[in-house]
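Taking it in order: structure first as structure tokens, then the write-up.
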Amino acid sequence: MISKLSIRDLEDVTYRGRVVFVRVDFNVPIKDGRITDDTRIRAALPTINYLRERGARLVLASHLGRPKGKVVPELSLKPVAERLSELLGIDVKFASDCVGEEVDRMKEELRDGDILVLENLRFHAEEKKNDPEFARALANGIDIYVNDAFGTAHRAHASTYGMAVHFDIRLAGLLMAREIEALSKVRENPDKPFVVVLGGAKVADKIEIIQNLMPKAEKFLIGGGMAYTFLKALGHKIGNSLLDEEHLNLVKGFMDESPDKFLLPIDHIATDKLEGGEVKELSERDIPDGWMGVDIGPKTIGLYRKALPEKGTIFWNGPMGVFEIEQFSRGTVEVAKAIAQVTQKGAYSVTGGGDTVSAIHKAGLKNSDFSHVSTGGGATLEFLAGKELPAIAVLSDKN
Ligand code: ADP
Ligand code: MG
């Protein structure tokens, strides 16, 4: 079980008067200079407040969007610094770059409890290249390194990896610590029964998760576009449904190895055209030519609901259908609700993925309806696939 040192593990006095760098995830959606969803900024507040209350001088750094190593004014973190000022009711300082003499001076001028937000790290191509000079410049004038950005933990960038090695102690922020705890529980010692619910479009994205969790999971409930590759592997007709030809044999192999582990849709919602086509409910596994499966049907919803344990562990990633279209969202919404219900009864539920989280909210559910909602996309999938994430590996071990 990986166990990393977090900001809570050091004594309170450690932080007073020290310049603490926190790699945060302020990658928020911005339209016309306005933040359209500040969830990620709010999510960072517990770590920020924890450190401020203990007298730290905070330097916050993040990427925003994909500026590709150039200054893109629309992707400035200035509006984020302003939003943070409003949320905290203090004057948050903003540096118009993330490295350099001016930034170093601003770091030196910080007082206990002050916050300095740096400009978008990815305005420098060196960030993603993990350039050693750039990493050193980021580390300038910093006493303590903290990473609270789980979403980029699968990347060895200057701010997530390169600069960390300049410090003897490298800490997880509160969000990062919670991600590590929840996801390692699922990956390493899930309470039984352990059920994995997988959907979404691409088999390729989830193959390694299946491989890694196969020995531990009792059941895999497969839905979404990926289900059709599984059905095809069993010899069913899938019409025009999504098919991942390339992974067909691998999928066959999974089911030959553990035929009882996989639950597949027994009925479908199908259409002849994704938008504006005819829609029908197919009460059998096979899908006729000219039709594509776009959601699991009502019998499958019932089957999957029954397969969810009231005690034990559930991991869910990937919508059960094309949930973006109302007509095809029922399977995803019902499965989300069913997972929330068993969570209330005592199951430990972890879910993650960009589309999965938006589907959860679309279903009218809150993050608190699940034991843990992971903020990572690729990072969450890689973690559960059993990979070592460089930004986590570089953090100090407990003990
Ligand atoms: P996440 O972002 O949560 O990891 P994915 O990106 O893997 O999820 O999958 C989400 C996408 O899968 C959505 O865009 C959804 O429309 C698509 N999808 C789900 N079911 C189907 C289906 N039956 N056919 C085509 N696309 C599907
Ligand atoms: Mg997605």
Side-chain angles (χ1 to χ4, degrees), residues 27 29 39 150-151 154 179 183 186 196-210 213 220-232 236-245 247 251 263-275 277 279-282 285-288 290-298 300-301 304 314-336 339 349-363 365 367 370 372-385:
N27 185 26
T39 307
F150 177 73
H154 55 321
E179 292 277 6
L183 297 176
V186 169
V196 178
V197 183
L198 289 177
K202 283 198 226 137
V203 177
D205 292 350
K206 330 271 162 156
I207 290 258
E208 287 172 306
I209 293 191
I210 298 176
L213 298 181
F220 289 88
L221 316 186
I222 309 287
M226 65 183 287
Y228 301 99
T229 302
F230 282 74
L231 286 172
K232 174 93 177 174
H236 288 283
K237 288 179 62 172
I238 61 164
N240 291 339
S241 308
L242 275 193
L243 172 64
D244 187 338
E245 192 94 56
H247 293 104
V251 164
L263 287 192
L264 303 178
I266 50 175
D267 62 347
H268 316 270
I269 306 299
T271 184
D272 56 354
K273 212 166 107 219
L274 206 49
E275 270 164 81
V279 177
K280 65 180 175 190
E281 200 178 298
L282 294 174
R285 279 201 152 160
D286 291 270
I287 295 186
W291 292 80
M292 68 185 289
V294 283
D295 195 7
I296 56 174
T300 309
I301 293 173
Y304 287 7
I314 298 161
F315 174 71
W316 173 34
N317 165 260
M320 296 289 105
V322 185
F323 76 101
E324 297 92 336
I325 300 174
E326 186 70 36
Q327 263 181 309
F328 312 138
S329 66
R330 182 156 169 241
T332 306
V333 168
E334 292 303 321
V335 164
I339 295 174
S349 61
V350 175
T351 158
D355 292 294
T356 308
V357 175
S358 30
I360 283 171
H361 297 153
K362 206 178 156 177
L365 296 165
N367 286 15
F370 301 85
H372 179 69
V373 176
S374 179
T375 53
T380 309
L381 299 185
E382 286 196 21
F383 196 104
L384 287 169

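Order of appearance sets the numbers: ligands from 1, and atoms from 1 within every ligand. Model, not experiment: these values are computed from the prediction.
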Considering only the protein, which heavy-atom contact is closest to [atom], and what is its distance?
{"atom": "atom 9 (O) of ligand 1", "result": "G200 CA, 3.1 Å"}
{"atom": "atom 23 (N) of ligand 1", "result": "G293 O, 3.0 Å"}
{"atom": "atom 19 (C) of ligand 1", "result": "G321 O, 3.0 Å"}
{"atom": "atom 3 (O) of ligand 1", "result": "T356 OG1, 2.5 Å"}
{"atom": "atom 21 (C) of ligand 1", "result": "G225 N, 3.2 Å"}
{"atom": "atom 27 (C) of ligand 1", "result": "V322 CG2, 3.7 Å"}
{"atom": "atom 5 (P) of ligand 1", "result": "D355 OD2, 3.8 Å"}
{"atom": "atom 12 (O) of ligand 1", "result": "A201 N, 3.2 Å"}

Got [X] and [Y] here, is their nearest side-chain heavy-atom distance under 4.5 Å?
{"X": "V322", "Y": "D295", "value": "no"}
{"X": "F383", "Y": "V186", "value": "no"}
{"X": "L365", "Y": "F370", "value": "yes"}
{"X": "L242", "Y": "M226", "value": "no"}
{"X": "F230", "Y": "L198", "value": "no"}
{"X": "V197", "Y": "M320", "value": "yes"}

Just which atoms of ligand 1 are under 4.0 Å from any heavy atom in [X]?
{"X": "G354", "answer": "1 (P), 2 (O), 3 (O)"}
{"X": "N317", "answer": "1 (P), 3 (O), 4 (O)"}
{"X": "L242", "answer": "25 (C), 26 (N)"}
{"X": "Y228", "answer": "23 (N)"}

Sidechain-backbone polar pair: [X] side chain, [Y] backbone, donor-acceptor under 3.5 Å:
{"X": "D286", "Y": "K237", "result": "yes"}
{"X": "T351", "Y": "V373", "result": "no"}
{"X": "Y304", "Y": "L263", "result": "yes"}
{"X": "H268", "Y": "R285", "result": "yes"}

For atom 8 (O) of ligand 1, which candidate among G353, P319, G377 provides the closest heavy atom? P319

Relative to atom 13 (C) of ligand 1, which among E324, M292, M320 owns the nearest non-hydrogen atom?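 Nearest option to atom 13 (C) of ligand 1, by heavy atoms: E324.
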
With a 4.0 Å heavy-atom cut-off (strictly under), which part of L381 contacts ligand 1: side chain, backbone, both or neither?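 Looking at L381 and ligand 1, no heavy atom falls under 4.0 Å.
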
Between the Mg ion (ligand 2) and D355, which N, O or S atom of the residue is the nearest one? OD2

Tell me, please: is V294 in heavy-atom contact with ligand 1, that is, under 4.0 Å?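 For ligand 1, residue contact (heavy atoms, under 4.0 Å) with V294 is present.
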
N/O separation below 3.5 Å, [X] to ligand 1:
{"X": "K206", "answer": "yes"}
{"X": "F323", "answer": "no"}
{"X": "D205", "answer": "no"}

When S374 is tested against each of N367, N317, T380, T356 for side-chain hydrogen bond (donor to acceptor under 3.5 Å, both in side chains), which residue passes?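 It is T380, the one option of N367, N317, T380, T356 that forms the side-chain hydrogen bond (donor to acceptor under 3.5 Å, both in side chains) with S374.
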
Could you tell me whether K202 atom NZ has more than 12 heavy atoms of other residues or ligands within 6.0 Å of it? no

